[in-house]
> 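Okay, handing you the structure first.
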Amino acid sequence: MPELPEVETIRRTLAGHITGLEIKKVILYWAPAVRGRGDSSFADIVSGSRIQSLDRRGKYLLINLDNGHTLIAHMRMTGRLLYYPEDLEPARHTHVVLKLSQGELHFNDTRKFGRIQAVLTAECFSTSSLSILGPEPLSEEMTPARLGERLARKKKNLKAALLDQTVVAGLGNIYVDEALFRARISPERSASALTEEELRALHQAMIEVLKAGIEANGTSFRDYRDANGEQGLFQKRLQAYGRGGEPCLNCGEPLKKKKVAGRTTVSCEKCQR
DNA sequence: ACTAACCTGTAA
DNA sequence: TTACAGGTTAGT
């Protein structure tokens, strides 16, 4: 579920609550949700540490502790990190509770795909999951030329290439469809055959839609909630995702819904070339 | 490059 | 009952 704007919103809404707090105790309701390191269990690593700062890389949330460790969390489709200022009986599908010096952090995940892993902070970015990620789409280094370079290395269609986290980190099914719609480029085009003008349009559309998503606190199309349990608002601004059969906002023709790269994809076959 | 697998819930 | 869901990865 959470793509870059949703994870960034979780990071922001969580940081104000938990930065500086001590993790007093770890309660596991479903142990596979967490992973320790070597012989040390997740609970042993985390207990007694203090939360220093929160970062994000692609769709990964990074919680830096003051004991040389970092927690790498990925929500996959339905994961939530929820902060409660008071003790609270865990809701259904809560797999981990971190008791803090003030309040609690609950990791809740209906589909059980999400994971939280404890790693050494020094090795964080060289862990297998993070080391393979492409550049951050909102960073300075992401230029139209850089995007073109990364896309050109893949012999896939655009939809598959933009979902590929090694090409660019943080886009998922919603924001790929939105970026392509706004750039007026077909998801089925070859990733390696864009003109410079198309690359500029795609680059700009990608950045604009991600920034707008963050601005709106993410897209709560279904399960997504921020750390306060609040919905985002960007589902009201979607122009393509979830609008199959509805009129294109440019030309009025019905938007087409079809599988591309194994994912449901909505596009306007008249506007997007 | 496509499919199954990991899971549960919801809607058709 | 079946299909499908903001993701990733390990298989063909």
> Which part of the nucleic acid does Lys257(A) contact within heavy-atom distance under 4.0 Å: base, sugar-phosphate only, or nothing?
nothing
> Atom CZ of Arg76(A) to atom P of dC4(C): distance rounded to whole Å?
22 Å
> Within the 4.0 Å heavy-atom criterion, would you say Thr264(A) contacts the bases, only the backbone, or no part of the nucleic acid?
sugar-phosphate
> Between Arg222(A) and Ser128(A), who's closer to the 5' end of DNA chain C by nearest nucleotide?
Arg222(A)
> Please state how far atom CG in Asp109(A) lies from atom P in dG6(C), giving the value in whole angstrom units.
15 Å
> Do Arg225(A) and Ser220(A) come within less than 4.5 Å of each other through their side chains, counting heavy atoms only?
yes
> What's the gap between dC7(B) and dT1(C) when it is taken at their P atoms, as a whole Å value?
22 Å
> Determine: side-chain N/O of Lys259(A) to OP1/OP2 of dA1(B), distance under 4.0 Å, yes or no.
no
> Would you classify Gly172(A) as touching base, sugar-phosphate or nothing, given that sugar-phosphate means primed atoms plus P, OP1 and OP2, and contacts are heavy atoms under 4.0 Å?
sugar-phosphate
> Could you measure between the two C1' atoms, the one in dT9(C) and the one in dG9(B), and give it in whole Å?
23 Å
> CG of Leu233(A) versus P of dG6(C): gap in Å, rounded?
20 Å
> With sugar-phosphate meaning primed atoms plus P, OP1 and OP2, does Tyr241(A) contact a base, only sugar-phosphate, or nothing at under 4.0 Å between heavy atoms?
sugar-phosphate
> Could you tell me how far apart Lys59(A) (NZ) and dT8(C) (P) are, to the nearest whole angstrom?
4 Å
> Taking the nucleotide of DNA chain C with the nearest heavy atom to each, does Arg111(A) or Ile132(A) sit closer to the 5' end?
Arg111(A)
> Is the ring pair Phe234(A)/Tyr175(A) parallel, tilted or perpendicular, if the boundaries are 30 and 60 degrees?
parallel
> For atom C1', what is the distance between dA5(C) and dA1(B), given to the nearest Å?
22 Å
> Ion pair present between Arg237(A) and Glu178(A), side-chain N to carboxylate O less than 4.0 angstrom?
no
> Strictly below 4.0 Å: does Lys112(A) bring a side-chain N or O up to OP1 or OP2 of dC6(B)?
no
> Hey, does the side chain of Lys211(A) reach the backbone of Pro5(A) with a donor-acceptor pair shorter than 3.5 angstrom?
no
> Among dA1(B), dG6(C), dT9(C), which nucleotide sits nearest the side chain of Tyr60(A)?
dT9(C)
> Need the glycosidic conformation of dG9(B): syn if within 90° of 0, anti if not. Which one?
anti
> Do the side chains of Leu62(A) and Arg56(A) get nearer than 4.5 Å, heavy atoms only?
no
> For Arg115(A) and dA5(B), what is the distance between atoms CZ and C1' respectively, to the nearest whole Å?
12 Å
> Evaluate Thr94(A) against Asn108(A) for side chain to side chain donor-acceptor pair (under 3.5 Å), listing each step before the verdict.
CA-CA 4 Å; Thr94(A) 299; Asn108(A) 182 290; 3.1 Å; yes
> Would you mind reading off the distance between Phe113(A) atom CZ and dA10(C) atom P, rounded to a whole angstrom?
15 Å
> In whole angstrom, what separates Asp223(A)'s CG from dC4(C)'s P?
18 Å
> dG6(C) pairs with which nucleotide, Watson-Crick or G-U wobble, both distances below 3.5 Å?
none
> Rounded to the nearest Å, what distance is computed from the NZ atom of residue Lys159(A) to the P atom of nucleotide dA1(B)?
16 Å
> OP1 or OP2 of dG9(B) sitting under 4.0 Å from any side-chain N/O of His93(A)?
yes
